[in-house]
Every structure is written in structure tokens, then in C-alpha cells.
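Computed from a predicted structure; not experimentally measured.
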Amino acid sequence: MSINPHKRPITDVTGIGEEKAKLFEGLKLKTVGDLLENFPFRYEDYKIKDLQSAEHDERVTVIGTIHSEPSVRYYGKKKNRLSFRMLVGKLLVTVTFFNRGFLKKQLTLGAEVTVSGKWDRHRMTITGTEIHQGAIQQEQTIEPVYSASGTVTSKMIKGAISQALKQFGSEVPEPLPEAIRTKYKLVSKHEAVTQLHHPTDQGTVKQARRRMVYEEFLAFQLKMQLFRKVQREQSSGQAIEVDQEILKTFITSLPFPLTNAQNRVIQEVIKDLASPYQMNRLLQGDVGSGKTVVAAACLYGVICEGYQTALMVPTEILAEQHLESLKGWLEPLGKRVELFSGSLKGKRRRELLQDLADGTIDLAVGTHALIQDDVVFKRLGFAITDEQHRFGVNQRRQLRSKGEHVDVLFMTATPIPRTLAISVFGDMDVSILDEMPAGRKPIETYWAKHDMLERVLGFVEKELQQGRQAYVICPLIEESEMLDVQNALDVHQILTGYFKERFAVGLMHGRLSSDEKDEVMALFDQNKTQVLVSTTVVEVGVNVPNATMMVIYDADRFGLAQLHQLRGRVGRGDAQSYCVLLADPKTENGRERMRIMTETNDGFVLSERDLELRGPGDFFGAKQSGLPDFKVADVVHDYRTLEVARQDAQALVESNHFWKDPEYQWLREYLETTGALDQGKLD
């Protein structure tokens, strides 16, 4: 979001000529506005610290006397380490500087110095970054640090920004109306920009940051809410009024009670169906939360109103499993459910296509085979896409075009943290199944080191002896299928040897064709193989209730979300299930992931922790995330402000005064410059 609409070239700043401007251009700093909104990524606190109360790994500045002769050790090419002991108060600490051997001549025994650096409380050492002779008088204890690159140093950037503030700081516009600033006690834009670059203390940085976070989120959410509003108004739907009594008939016919979350989500979908707008809803549900039965209830309600329905899933094996469940629930109530997939051929396919066109099929379940040109519905009213991120935009659009004003519900079993859901899917309504059906036993998860493999295999064998089955997952070591397969072949060979003729071991890897994969999966499904070694992620939603054991090799190579999806392949029957993570993580982050997995089975808790550990860009992959590159805001830590900004943006785009009052002029112009008002390209 531009904070400086006058777009002066950076050369207007005194001291920046054409040559320096080219250097700054490499950091995408072309205008005065770019320079002023290039905020520090962190601050160095030079306030004198008491080491007794300083935290481990904290950055400290201390004053003390040199207590031992400084020594320099050389290693490698041009590398050295300078060390000396220093008395700080009553503590004797070791100070180390890397590649600063030249300082030795300037340091004398007994001299007073001020040192800044990282404090290692356990080793009583400071890894120094700065040193000054004597006790320095501190005017400004908080120093901003800017992202630097090549020949452009943080110091150069700091100098240029100081000059730009001096010349043009008073011209910084105020995008937020006074009413909003007063409501949330936000400082002015001019004050926020000045304090972020020239902080007086931590408190002022906090207030300045708070102001900028809200502004960034409000701007982003205004764009998302405008998309949503225009999309709703341009997409006239068909109002399908589902009879609540009919819905009750379906729910009471089920052999189990629905959870409160399932009942709530069904009502949210029914309400959308009844509105004159096309549905644009995402249903998130953790592994095993019962999304399929929610889908079935809504599909049944729509069928009873005289419409046909469709359920599109990414793979044939998933389509077959959904078909089995849906037939079991809907056919006893007189509704016809049929499968459309790539393997449907010849006379049978022609017959089913004819029945679909005649309207005698109520629910078509299938893969992308559903969107082929010759698949024609008589009256399609409602379609559901499962694991929607696996389909492209065009495929989803094609499904919608199979009828007039079709309502579409998207479903996913990948728990997306609420903070990301309202950012990435800000233009969608999001329903969440956050409650597990009664009686579902939590999967017991253990973390074992590789040297405990014998014990783990003994544990697996006990389960197999009781007639159960097990998955063994190997990671993709590199982007090389050859290495990947070799890895799986090794594990397959080891396990085949270990279980000898007692149990059959199957193998799934990336080199197999779709038909071969289906065959391997079918053998496992029928318990003809008891152990399945797999490199590729076993399909989300694949349901083998008899599998109670999941062993994941090198588990630290997977992200939390992926580990949770894999773990969800077991625990689908009545028996207690187990997951063993085989890993020797080298990093603290890796160890933390293993600990989190053993502590919780809740996918939403895990996804929040995953987001904290990896950040939003890595969570989705930067290009897919749909998130703007916020300059100050952080969707993880500032999620409360994100929620507030979303509610405010929703209210603003629906109000008349936002579109007319002069105080909102700047925000309206922002929406114009980002193309948010040009909605012809909306899907």
C-alpha cells in the first residue's frame, strides 16, 4: 500500500544522484514513497543490560573491564577469532569477535569498554558485534536495522531515509479517517512513519507498528471484501429452499448422531442455498471430522427439491470410496447414486450418460471425468468439489457451467489456520468442522530414533498378529524419482526380509502407473498385503479401517500438516491406532515438530503451530498463498487485528458513506490503483 502518492523520484532526495539511484533500484526503491515505507526489519537495543537478569540468546550491551590479554586464532582462508575475558559487575565473561583480529592492538588489559552482542547464558559468553572504548553515553538506545544488499548497506539506507523524512516527512498523507483513528486510538500516519524509522523507545515502536498493521490489513481486506461483494452481485444464483423436515428425515436415518459442528455447518450451507446469490463457501474439516456425511445431508436436501447434484474428487479410488458411503446413506431413501470415472467405458458409459441427461440419476460422483463435454445434466443445482486445491480454476468453472446458476461448495481436509483462511479465502465464506464424532479414539503418536527400529517393528508385528495392517511411509529424499524409488525399494526389501513369509509387504512409488497404484491399493484394501510401503503420500481420504499402524521414516523431512495428513490414514476403524515417527532431527525446529505431533491430534492446532514455525509463504508455497507481501503486518502474530480489519472492511464496502465521503477518498483511490474495482476478470 503506497504511503506516498506524490511519487517523487528517489533522486529528489538530497544526496541521491543517478548512480546511487541505480543501486537503490536493485532493492525496489525507486520513489520517495518506496524509501519512506521501507521499514526496518528489526531493531538493535543498545540499552545497558544487567547480565544477571538477561535472557539466554538475548542481544545485550554491557560495560566492563578487559580482564585477560586478547588472543587471536587464525583458521581457514582469512578467518580469525578474537577472544578475551571481561569483568562485568561481578561476572567474568568471555567475549568473542569473529574476523576482527585487527582490534587486538586497540584493546589493553584493564581498559574499560562497551560491548554489544549475543549473550550465551549457559557458556557465559558474548558473541560481539560492536565494541567501543570506555563507557559510551547513549542518546538513542534503539537503532533500526534495514535489509541491505550488495553495495547498499543498512547505514546507507538509514541515511537516505533520514534525509527523505527531513525533506518530505510532512507530506505523508493520512489514509485513515479520524473516526477510525479515534476508535482504535491509532497514531497519525506521519507519526507512525517517523517513529518506525527514528524510534525513541520500545513503546513508541509498538504504537507505530500497531497503526501500520491495521492500515495494511484494512487495505487488503477492503480489496477482498470488494471482490466478494461484486462476485455475489454479479453471480445470480437460484434460491433452493431445502425443507427442514426432509433434512430431519435424512439425519434420523443415519446409524450415528451428528456432532454440533456438523449440524451447524449443514445449516450454513442450507442458508447459502436459499439465497439468490451463487454459493462461494469453503468447508474445512480435519481428518475424520465427518465432512462426507455433511455433504450427503446437503445433497439429499437439494435432490428432494427436484435438482440433480454432483460430487467431484481428485482420484478414482477416492470417488469409489465416496460412492460406497453415499449409496449406503441415500439409496435406502430412494435416491440414485452413480459413479463417473475414467475407467467407465462402452455401453455402460452410454447408458449412464443417457440416464444423467434424462434426470434419472440424482447424484453423480466422479473425478474430472464429470466435466467432459458429453457429460450432460438435465437439471444440475448443486455441486461439491472435494480437496478443491487439487483442481485448477478452469476445471472448477467447467463443473459450475454444467447447469444454470449452480451452487458450489468446496471442501478440504487440509486444516488451514483461521488467520490464513480469512486472508487467502477472504472472498469466500468459510465453514469449519472443529469437533470429532463421538467414540473416535485419538491416535497414539510416538517419536522414536532410528536405532529403535527393531522395537518399532516388534510393535508393528503385534498389531499384524491381531489381523491388523500397517503403512510405512518413506520421504522423497530429493526431486529425483530414482533416489525416491531406491529408498522405498530398500525399506521394502528390509521389511520383506523381516516379516519373511509371515506377512505380505506391498510397495507404492512414483514410477507406478495410475492403474498399478490402484492395484497396489486394492490389494491393501482387501488385506491381501498387510504392510504397505509407500513413497508418495497415501491419498487423502483413502479409507482402510483395518489399518491401525503408521510408521513414518525420516519424519522430520515432512511438515506438520503433511505428517498429520499421513497419520489420518489410520484410526478409521473401531480399534486403537498408532503412529510412530522415526526421526533423528538435527535442528531445534525439527525436534519441535516431533514434540508437537506427539502432543496433539487436532489438525487446527497443528496448522497454527506449523504456520508459526514456517511462516505463511512456506505454508502454501509463496506463489500460491495469495497473500500480499505485507511490509509491517504478520498474519500469524497480528491475527486479532486481521479479524477486526476484516469486519471493518466488510461493513465499509456495504455502506454508502464509504463510496461518497471525502474522508475515504484515499482508500477508494487505493482500490482503483490495485484494480479491485475492475471485476470483469473474476472467476
Side-chain angles (χ1 to χ4, degrees), residues 314-321 342-343 390 443 448 450 452-558 562-573 577-583:
T315 65
E316 201 157 318
I317 194 159
L318 269 179
E320 284 165 5
Q321 293 194 335
S343 57
R390 300 279 293 276
I443 299 159
H450 281 94
M452 295 166 72
L453 181 62
E454 282 287 329
R455 279 174 64 186
V456 171
L457 292 179
F459 187 12
V460 172
E461 182 146 14
K462 274 184 190 168
E463 285 296 297
L464 299 180
Q465 283 166 351
Q466 291 177 51
R468 310 277 178 223
Q469 288 164 274
Y471 292 100
V472 177
I473 305 293
C474 309
L476 179 79
I477 293 180
E478 286 180 25
E479 292 301 319
S480 154
E481 280 191 345
M482 197 57 231
L483 277 171
D484 175 24
V485 174
Q486 192 57 48
N487 183 37
L489 288 173
D490 288 349
V491 173
H492 179 254
Q493 204 173 354
I494 291 164
L495 296 187
T496 303
Y498 181 86
F499 293 118
K500 295 196 174 96
E501 286 155 25
R502 305 192 299 283
F503 302 106
V505 183
L507 175 64
M508 172 106 81
H509 57 69
R511 286 277 178 95
L512 300 179
S513 68
S514 292
D515 288 349
E516 287 169 328
K517 282 180 189 171
D518 284 349
E519 194 182 325
V520 170
M521 208 59 229
L523 288 171
F524 189 63
D525 196 21
Q526 295 153 18
N527 202 359
K528 288 179 180 168
T529 52
Q530 288 72 49
V531 180
L532 179 62
V533 175
S534 174
T535 56
T536 52
V537 176
V538 179
E539 278 300 344
V540 169
V542 169
N543 195 14
V544 182
N546 192 47
T548 57
M549 204 64 224
M550 167 66 68
V551 178
I552 305 174
Y553 268 78
D554 297 319
D556 54 319
R557 290 180 184 268
F558 297 95
Q562 208 177 4
L563 287 172
H564 182 61
Q565 288 290 344
L566 289 169
R567 175 168 64 182
R569 300 305 103 233
V570 297
R572 296 179 158 257
S577 290
Y578 307 92
C579 175
V580 178
L581 309 168
L582 270 176

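Rounded to the nearest 0.5 angstrom, S534 OG and M508 CE are separated by 5.0 Å. Of the inter-residue distances, the one linking R572 atom CZ with N546 atom CG reads 13.5 Å to the nearest 0.5 angstrom. In this structure, CG in L507 is found 5.0 Å from NE2 in H492, a value given to the nearest 0.5 Å. If you take CE on M549 and CZ on R468, they are separated by 13.0 Å, rounding to the nearest 0.5 Å. Expressed to the nearest 0.5 Å, how far CG of L563 lies from CD of Q565 amounts to 10.5 Å.
Across H450 and A583, no two heavy atoms sit closer than the pair CE1-CA, 3.8 Å. When every heavy atom of F499 is checked against every heavy atom of V505, the shortest pair comes out as CD1-CG2, 4.1 Å.
Counting heavy atoms from C-beta outward, I552 and L582 have side chains that stay 4.5 Å or more apart. Considering only heavy atoms from C-beta on, L532 stays 4.5 Å or farther from Q469 through its side chain. A heavy-atom distance below 4.5 Å is found between the side chains of E461 and F503. No side-chain heavy atom of R567 sits under 4.5 Å from any side-chain heavy atom of L581. You'll find the side chain of V580 reaches within 4.5 Å of the side chain of F459, heavy atoms only. Between V570 and T548, the closest side-chain pair of non-hydrogen atoms is not below 4.5 Å.
Heavy-atom contacts from other residues, nucleotides or ligands closer than 6.0 Å to CD of E516 number more than 12. Sparse packing is recorded around CD of Q493, with 12 or fewer heavy atoms of other residues, nucleotides or ligands lying under 6.0 Å away. Atom CD of E454 sits in a sparse spot, with 12 or fewer heavy atoms from other residues, nucleotides or ligands closer than 6.0 Å.
The backbone N or O of G571 lies less than 3.5 Å from a partner atom in the side chain of S577, making a donor-acceptor pair.
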Stepwise side-chain contact (heavy atoms from CB on, under 4.5 Å) test for Y553 and V472: CA-CA 7 Å; Y553 268 78; V472 177; 3.5 Å; yes
